[in-house]
Amino acid sequence: MAAPSAPSEEDLLCPQCSEIYCLPVLLNCGHNVCQVCLQKFWKWKGSRECPVCRVVSVPGKPAVNLQLKLAADEYQVQKFCRSQEVCCIHNQKLTIFCHNDEEPICLVCQTSKWHKVHQCRPMEEAAQQKKTEVSATLESLRKKLKLLNKTKEQWEDTKNYIQTQANQTEKAIKEEFEKLHLFLLEEENTRLKVLKQEEQVRKQVMCEKLENIEQQIETLSSTISDIEKALRANDLPFLQDYKQTKKRSKCIIREPECIRDILINSAKHVGSLKYTVWRNMANIVHYVPITLDPNTAQSNLCFSEELTCVQYSNQQQLPDNPERCTSRVCVLGATGFTSGKHSWTVDVGQGKDWYIGVAQESIKRKSTVFLKPTEGFWVISRQSGDSYWAETSNRTKLVLKQKPGKITVKVDCDKGKVVFINAADLTTIHTFSDKFTEKIFPFFSPGLYNEQKISSPLTICPLTIRVELE
């Protein structure tokens with residue numbers, strides 16, 4: 001029969017001498033102290049304070065905590081038996097391991113009514129079996145530790161990138177405000193303050209996440225170290241501590257969470273910045289209906305001021321956050337749609353290889369995907385400089401009377417239509433008809449390089465605005 005749950009050694013340590021209690025007494029505050037330790041402390045202190053909480057005890061001799069004394073004495077007896085490798089009940093050598101109770105027993109215990117029907121094995125055989133079980137668990141813990149360390153490195157990189165991204169966004173904001181007059185100074189300071197607050201909040205989140213994962217790593221490392229130490233022990237000590245070792249090996253380590261939306265929301269700070277003050281600066285303000293989201297961009301893409309132009313460039317070191325597209329050289333718009341009508345015009349310039357259109361939010365961003373409706377894309381393209389295509393399930397070649405320099409994309413979410421129009425002559429290039437079941441985002445994929453090795457950008461055209469409102 002398994003022994004009843006007993007206090008651990010930590011529960012039986014005197015707070016004054018840090019040894020197993022010897023005649024513990026209970027103070028009025030609820031703390032226990034060895035009687036000898038308490039008398040010495042009171043004599044040294046000159047008052048009847050509790051050594052733990054400093055609460056003054058009432059006059060009189062503190063009562064002995066009999067229950068705690070018995071538990072301490074029992075622990076000492078068991079500790080002595082373990083050191084002598086004999087059964088505490090029958091004083092016989094421990095040579096058998098009971099699999100039901102998971103503890104070493106003697107031959108007399110095996111024939112007793114408590115273990116008679118239990119599954120028992122010789123000490124050596126049981127030790128080998130249990131060490132194999134714990135070793136398998138240890139390997140799993142090592143893999144989890146490796147994953148935690150790898151995740152910690154990625155989060156460190158993300159935290160550092162947040163600082164870099166914050167600096168870049170701050171620079172963009174300042175460059176825009178340099179074009180405005182002094183009366184805009186208050187607006188500039190307000191925006192910088194918001195950016196700083198967001199930077200601090202996001203960095204604080206990452207610091208907390210990193211602190212949490214460091215604690216997990218420390219805990220798991222300690223557990224692994226304890227298990228490795230247990231595995232190196234002799235059979236009997238190993239089996240004596242097997243329950244505790246098994247319990248430690250089954251510690252629950254949560255998988256590192258996928259941290260979404262942790263990067264600085266550059267689109268909020270930089271996107272359509274001039275539009276917010278267009279009433280005062282109407283002559284120099286431009287408004288575009290779509291702002292690009294650099295947090296979704298592949299690492300070879302760079303952007304112009306106010307995130308309205310994207311082009312292929314040198315590869316940058318960017319964090320592989322969940323929102324980022326890595327399987328294709330593309331970027332999504334910062335705002336998605338679930339209903340209503342929306343439109344924007346893209347200046348494709350002289351680009352000879354590009355894709356534009358819309359994509360649904362759940363597209364595969366890290367693995368290879370085909371740009372067709374069944375995969376969540378409704379786009380048209382120009383390839384090799386002389387052919388235009390509608391990326392339907394079976395690609396459809398487009399015959400155009402005039403090569404478009406600007407293309408208007410019109411989306412009707414309610415009717416499930418995406419229409420591409422040549423802005424020069426207002427002719428329809430292609431129309432997709434489908435049913436949108438989730439949020440869709442503008443999609444842009446600029447070409448690589450042309451013969452002159454110059455990147456060809458895709459630019460979102462500004463709308464004509466009026467100062468007056470109707």
Side-chain angles (χ1 to χ4, degrees), residues 133-169 195-231 245-269 293-301 314-332 334 359 361-369 376 441:
E133 293 177 3
V134 175
S135 295
T137 305
L138 179 63
E139 183 60 29
S140 174
L141 295 178
R142 287 193 180 115
K143 289 181 180 179
K144 290 182 179 180
L145 178 61
K146 183 178 180 181
L147 176 60
L148 289 175
N149 280 315
K150 182 179 179 181
T151 303
K152 176 179 177 292
E153 292 179 3
Q154 293 174 342
W155 288 2
E156 288 279 7
D157 292 340
T158 299
K159 188 186 76 169
N160 294 334
Y161 179 73
I162 289 175
Q163 179 67 62
T164 300
Q165 194 181 26
N167 292 339
Q168 293 173 344
T169 305
L195 172 61
K196 283 295 184 181
Q197 289 174 343
E198 181 176 352
E199 175 192 348
Q200 292 172 1
V201 170
R202 295 181 184 271
K203 288 174 65 178
Q204 179 63 31
V205 170
M206 288 308 305
C207 287
E208 292 174 358
K209 298 293 184 184
L210 286 167
E211 181 180 356
N212 180 264
I213 201 172
E214 287 171 354
Q215 291 175 354
Q216 292 185 56
I217 290 173
E218 182 180 352
T219 300
L220 185 54
S221 298
S222 176
T223 300
I224 291 175
S225 177
D226 292 343
I227 294 175
E228 290 175 339
K229 182 178 179 181
L231 290 173
T245 302
K246 179 182 178 182
K247 182 178 179 181
R248 289 178 177 175
S249 68
K250 292 183 179 180
C251 62
I252 299 176
I253 302 297
R254 298 188 303 274
E255 295 293 329
E257 62 179 297
C258 182
I259 305 179
R260 295 183 178 277
D261 298 323
I262 188 61
L263 301 181
I264 295 293
N265 191 346
S266 303
K268 179 183 70 174
H269 298 287
D293 184 359
N295 291 342
T296 67
Q298 194 266 353
S299 57
N300 282 98
L301 297 180
N314 296 326
Q315 189 172 28
Q316 308 168 72
Q317 293 297 322
L318 303 176
D320 188 17
N321 50 296
E323 303 86 3
R324 192 172 305 283
C325 298
T326 58
S327 60
R328 280 187 173 271
V329 182
C330 64
V331 62
L332 301 181
E361 188 172 21
S362 64
I363 58 172
K364 297 178 181 178
R365 307 189 184 203
K366 309 298 182 182
S367 58
T368 303
V369 63
F441 290 82

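Positions are given from 1 along the sequence.
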Residues forming a side-chain hydrogen bond (donor to acceptor under 3.5 Å, both in side chains) with Asp157, sequence neighbours excluded: none
Are any non-hydrogen side-chain atoms of Lys143 and Ser140 less than 4.5 angstrom apart? no
Shortest non-hydrogen contact between Ser266 and Gln165, atoms and distance: OG-NE2, 3.6 Å
Give the table of side-chain donor-acceptor pairs shorter than 3.5 Å for residues 145-154, with sequence neighbours excluded, one pair per line with atom names and distance.
from	atom 1	to	atom 2	distance (Å)
Asn149	ND2	Leu145	O	3.2
Thr151	OG1	Leu147	O	2.8

Quick one: list whatever passes side-chain hydrogen bond (donor to acceptor under 3.5 Å, both in side chains) with Thr296, sequence neighbours left out. none
Are Leu332 and Glu361 close enough, and set up right, to give a side-chain contact (heavy atoms from CB on, under 4.5 Å), and what steps lead you there? CA-CA 9 Å; Leu332 301 181; Glu361 188 172 21; over 6 Å; no
Sorted by chain and number, sequence neighbours left out, salt bridge (charged side-chain N to carboxylate O under 4.0 Å, His left out) with Lys268 holds for Glu198
What residues form a salt bridge (charged side-chain N to carboxylate O under 4.0 Å, His left out) with Lys203, not counting sequence neighbours? Glu199
Results of side-chain hydrogen bond (donor to acceptor under 3.5 Å, both in side chains) for Lys159 - residues two or more places apart only: none
Sorted by first residue and then second, give each salt bridge (charged side-chain N to carboxylate O under 4.0 Å, His left out) pair with at least one member in residues 253-265; sequence neighbours left out. Lys209-Glu257
Could you pull out all residues at least two apart from Lys246 that satisfy side-chain hydrogen bond (donor to acceptor under 3.5 Å, both in side chains)? Glu102
Closest non-hydrogen atom pair, Ala334 against Phe441: O-CE2, 4.2 Å
Spacing of CZ belonging to Arg202 relative to CD belonging to Gln163, to within rounding of 0.5 Å: 14.0 Å
NZ of Lys250 to CG of Leu141, rounded to nearest 0.5 Å, is 12.0 Å
Does a side-chain heavy-atom distance below 4.5 Å link Met206 with Ile262? yes
Can you tell me how far CG of Asp293 sits from CG of Leu263, rounded to the nearest 0.5 angstrom? 9.0 Å
Kindly write out the residues that satisfy side chain to side chain contact (heavy atoms under 4.5 Å, CB included) with Ser362, not counting sequence neighbours, or none if the list is empty. Gln360, Glu438
Which residue pairs pass the side chain to side chain donor-acceptor pair (under 3.5 Å) test with at least one member in residues 317-330, sequence neighbours excluded? Asp320-Lys366, Asn321-Glu323, Asn321-Arg324
Listing, residues 215-228 side-chain donor-acceptor contacts under 3.5 Å, not counting sequence neighbours, or none:
from	atom 1	to	atom 2	distance (Å)
Gln216	NE2	Asn212	OD1	2.7
Thr219	OG1	Gln215	O	2.9
Ser221	OG	Ile217	O	2.7
Thr223	OG1	Thr219	O	3.0
Asp226	OD2	Arg248	NH1	3.3
Glu228	OE2	Arg142	NH2	2.9

Locate the shortest heavy-atom distance separating Ile363 from Gly376; write the atom from each residue and the value. CG2-O, 3.7 Å
Please enumerate all residues that pass salt bridge (charged side-chain N to carboxylate O under 4.0 Å, His left out) together with Glu133, with sequence neighbours excluded. Lys130
Do the non-hydrogen side-chain atoms of Cys325 and Val331 ever get within less than 4.5 Å of each other? no
Could you tell me whether the side chain of Ile264 reaches within less than 4.5 Å of the side chain of His269, counting heavy atoms only? yes
Nearest 0.5 Å, please: how far is OG1 in Thr164 from CG in Leu318? 10.0 Å
With no hydrogens and no angle check, is any side-chain donor or acceptor of Gln316 less than 3.5 Å from a backbone partner on Asn300? no
Heavy atoms only: give me the nearest Ala166-Leu195 pair and the separation to one decimal. O-CD2, 3.8 Å
